[in-house]
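Here is the structure we will look at.
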Amino acid sequence: MESESDDFLDKYFSDNPENEEEYLKVLNPEQKAAVIHKGKSLLILAGAGSGKTRVITTKIAYLIKHLHTDPFSILAVTFTKKAASEMRQRAISLEEKSAYAQIQTFHSWGAYFLRKYSKRAGFFPDFTVYDDDDAVTLLTNAVPGLSRKQAAFFTHKISLAKDYCLTPESEILATIDDSPEFPDIYLAYEKKLRATGNVDFGDLIMLPYLILRDNPEIRHEIHRRYKVIMVDEYQDSNVAQFKLLEMLSGVQENAGTYVCVVGDDDQSIYKFRGAEVQNILNFQKQFPGTDVIKLETNYRSTSEILACAGSVVKNNSSRLGKNLISARGKGKIPALIFLPNQDDETDFCADLITNTHEKGVPYSEWAILYRTNAQSLGFESTLLHKKIPYVIVGSLKFYEREEIKDAISCLKFIVNPKDEVSFQRIINKPVRGIGESSQKKIIAEASAVSILDALGKVTLQKKAQKGFTEFCETYNSLVNLLPFRIDPKTDSKDGNSTQDKKLSAFVDEVIRLFGLEDFHRCQDEVSGSQKIANLQELINSAVLYEYSKKGLLDFLDHIELDRTLETDASGEESDCVTLITVHNTKGLEFPRVIITGMEHGVFPRENKTKEETEEERRLFYVGITRAQNELYFTSCSCRRLYGRTSYMEPSPFLNELDYSNVRVLGEKPSSFNSKPSASDDPIALEYKKGTSVYHDDYGHGVIVSAQYSEEGDWVVKVNFETGTIKRFLPKYQKKSLLVEKE
């Protein structure tokens, strides 16, 4: 979400497409430098709210319009469908030829590559993508001795291995999991996955890398195709994505590809998904000759909010460093509120929101942030009780609902009848009498071509045989309805034409004929009707795709590759308070933000390594920089955790705030240090422990302790060579207590 100035920029560019001088004049100096940059490679270090989307989209348009770059030779990738869509739309609004550039997610580009080079790489072009649940089912089939819980553990490890481009044969696979059985389990999974003809999410990055690495002719073809490669949100990339970028760009072969990455090392918060902050920290080493441009003008937040963010994140050692400057100037001072317990915390948040709403502030201006989803329950209960409307971001996603996963499995099986995972999910929905043992018989008998080949070859009990036969007949009737693609030259123009039909009609038939509609309608009245409504929404979403096998593959790619965190847009209430985890706020902004649960063990979590603590600090930084106008922190003295009440200590991150810029309210815990940060105080920096000093009366000495007094003054204790120990207030005694220079 960008600032209000973006509307002006977009309109300006649309109205004045040819005016290069004005085209660049509306950018600030750093943004302009990034747009017109020429060279080997460029790292745009874009601070929060600094207009990075504006820069990257303007750069695409500038390359095409003013540097006459062939748009077909431009590849721009990011991490979510929403971000890719916004980037594409804005680039096209600046330059229509941007429509011919490839602007998409990393994973959707991987799917494109695997389909394009499937035959030369030994893959089937009609693959679908297994999600996490599919992968667990596949592994239980590949290694029958594993429970589903064990399979879930190992599929997570396999996914992590692929994020690091590690195969089952890798010598360093033990860095992912050192259990002796892991290589064999991984290998069994891979063999089973290749036998189905499908891929998982990790394959969409790792396989293109391996194909490019091992096939020089494909690699050189790619180098001839792409002359410009741009990566947005580079701090979120994993090792496999870095390796793929390295291979695509041909940096080690001097392919001459211009590489531009945009990111913020201070917003790298997805280590648990495999993101590697070192990718952006080491980019200059990995791509020699890189220029760095920092975007430090923030258009989102006030200077007081940015001061909080800066005072915290500067305590990280793994960062390139930048200082955000507010384009909006001063605003309201952030507040830290200490509260007795979590019930008081939820009441305070609700009362604060109610008070401002009574003065005309919409509920939608407020966001309540928390570290974990479990913290939302108290806020939900309190807001419901006080009749404050709210929406939870990051709850069960549309495509993760049971009925939607069932329908998608039906569609996947239509595309690929070797897909045993989808077969097992849908074969007994509705019940067809085909139990687990019968399913295993069918899968074991199935040839490499299709599970349907088992029909007539496997002996099943009468009910199971009847159910399997009807299932196969339904499949055949449906697959015969769908042409591979629409050909306007041969497709008839009579009433039977498929050219005017949309894929939604086919999805409707699949759901109805496979019996999913009746199956889910038979649930209780409330959930059953909601499930049918969800299925109808899935049908509606397919209307954008052509009535063909190609259209179905595109639709499945859209679903499996481009899922984003979205709220359930029921439309019943638009003026709502947002409840959201800090992780899910990435890329969002809110006028008024409350960051809750600021206690040690909650935020940050306990038992963290130095690297993990730094990521938690970056997460706090992300939360702070979501706020536009007002920012609040809450911290509780006690909290119910794991079924008991625990006494809490304030988050250590709170001690890193600059308290000349924060209003502290409530009863401060004795362990809380609200004194100014020594790293911000020039007196404290000059007169620190270990510093050699000289005093006219006492001679030479060394500062042996230094800290703030209760009154907030910096107090030092000096041990002189004579053995005398004295206390001083350097703020008032600088002239007599001199620091000795080396």
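Environment of CG in Asp132: sparse, with no more than 12 heavy atoms of neighbouring residues, nucleotides or ligands closer than 6.0 Å. The local environment of CD in Gln252 is sparse, with at most 12 non-hydrogen atoms from other residues, nucleotides or ligands closer than 6.0 Å. Other residues, nucleotides and ligands contribute at most 12 non-hydrogen atoms within 6.0 Å of the CD atom of Gln461. Within a 6.0 Å sphere centred on CD of Glu171, other residues, nucleotides and ligands contribute 12 heavy atoms or fewer.
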Next item on the list: Take Val415 and Leu553, measure what side chain to side chain contact (heavy atoms under 4.5 Å, CB included) needs, and give me the verdict at the end.
Entry: CA-CA 7 Å; Val415 168; Leu553 284 170; 3.4 Å; yes
Next item on the list: Go through Arg521 and Lys531 one step at a time and tell me if the side chain to side chain contact (heavy atoms under 4.5 Å, CB included) criterion holds.
Entry: CA-CA 7 Å; Arg521 198 187 298 278; Lys531 287 174 183 288; over 6 Å; no
Item checked: Trace of the salt bridge (charged side-chain N to carboxylate O under 4.0 Å, His left out) decision for Arg194 with Asp203 -> CA-CA 11 Å; Arg194 298 286 81 84; Asp203 286 336; 2.9 Å; yes
Note to self: Apply salt bridge (charged side-chain N to carboxylate O under 4.0 Å, His left out) to residues Glu470 and Lys466 and explain how you reach the verdict.
What the structure shows: CA-CA 6 Å; Glu470 291 175 350; Lys466 180 176 182 292; 2.7 Å; yes
Notebook entry, point to check: What do the steps show when you test Val277 against Glu615 for side chain to side chain contact (heavy atoms under 4.5 Å, CB included), and what is the final call?
Noted result: CA-CA 9 Å; Val277 69; Glu615 175 147 328; over 6 Å; no
Item checked: Stepwise side chain to side chain contact (heavy atoms under 4.5 Å, CB included) check, Ile442 with Leu460 -> CA-CA 9 Å; Ile442 293 169; Leu460 303 175; 4.0 Å; yes
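Counting all heavy atoms, side chain and backbone alike, Ala111 lies closest to Phe127 at O-CZ, 3.9 Å. Nearest heavy atom pair, residue Arg115 against residue Asp557, reads NH2-OD1, 2.8 Å. A pairwise comparison of heavy atoms in Lys418 and Ser450 identifies CG-N, 4.0 Å as the closest pair. Residue Val199 comes nearest to Leu114 through the heavy atom pair CG1-CD1, 4.4 Å, listed as atom of the first residue, atom of the second, then distance.
Residues forming a side chain to side chain donor-acceptor pair (under 3.5 Å) with Ser147 (at least two apart in sequence, or on another chain): Gln150. Scored by the ring-ring contact (aromatic ring centres under 6.0 Å, His included) test, Phe153 finds no partners at all (sequence neighbours excluded). With sequence neighbours left out, the side chain to side chain donor-acceptor pair (under 3.5 Å) criterion links Arg88 to no other residue.
Using a 4.5 Å heavy-atom cutoff, the side chains of Lys441 and Phe468 are not in contact. Residues Gln465 and Lys463 form no side-chain contact, since every pair of their non-hydrogen atoms from C-beta on lies 4.5 Å or further apart. Between Ile269 and Lys586, some side-chain heavy-atom pair lies under the 4.5 Å cut-off. Within the 4.5 Å cutoff, no side-chain heavy atoms of Val143 are placed close to those of Glu181. The closest side-chain heavy-atom distance from Val77 to Thr105 is not below 4.5 Å. For the pair Tyr117/Leu207, no side-chain contact is recorded, criterion being any heavy-atom separation below 4.5 Å from C-beta on. No side-chain heavy atom of Thr137 sits under 4.5 Å from any side-chain heavy atom of Asp133. Gln375 has its side chain within reach of Thr372: a pair of non-hydrogen atoms, C-beta onward, lies under 4.5 Å apart.
Under 3.5 Å, the side chains of Glu473 and Ser477 contain no donor-acceptor pair of N or O atoms. Defined by atom type and a distance below 3.5 Å, a donor-acceptor pair is present between the side-chain atoms of Asn141 and Glu420. Judged by distance alone, the side chains of Tyr189 and Asp200 do bring a donor and an acceptor atom under 3.5 Å apart. A donor-acceptor pair shorter than 3.5 Å can be found between the side chains of Asp419 and Tyr130. No hydrogens or angles considered: a donor-acceptor pair under 3.5 Å links the side chains of Tyr226 and Gln102. For the 3.5 Å distance criterion, the side chains of Glu403 and Asn534 qualify, holding a donor opposite an acceptor.
Taking the centre of each ring, Phe471 and Phe514 come in below the 6.0 Å mark. Between Phe272 and His583, the ring centre distance stays below 6.0 Å. Less than 6.0 angstrom separates the ring centroid of Tyr545 from the ring centroid of Phe555.
Remark: Lys162 engages Glu190 in a salt bridge, criterion side-chain N to carboxylate O under 4.0 Å. A salt bridge between Arg512 and Glu509 is present, with a side-chain N of the basic residue lying under 4.0 Å from a carboxylate O of the acidic one. In this structure, Lys429 pairs ionically with Glu402, as a charged nitrogen and a carboxylate oxygen lie closer than 4.0 Å.
Put simply, the residue from Asn198, Asp134, Thr196 that forms a side chain to side chain donor-acceptor pair (under 3.5 Å) with Thr128 is Asn198.
The distance from the CZ atom of Arg219 to the OH atom of Tyr209 is 10.0 Å, given to the nearest 0.5 Å. From Leu173, atom CG reaches atom NZ of Lys157 across 10.5 Å, with rounding to the nearest 0.5 Å. Here the NZ-CZ distance, from Lys149 to Phe154, works out to 13.0 Å after rounding to the nearest 0.5 Å. Note that the NZ atom of Lys227 and the CG atom of Leu75 stand 13.5 Å from one another [nearest 0.5 Å]. The structure places NZ of Lys412 at 10.0 Å from CG of Asn416, a figure rounded to the nearest 0.5 Å. In this structure, the separation between CD1 on Ile559 and CG on Asp554 is 11.5 Å, given to the nearest 0.5 Å.
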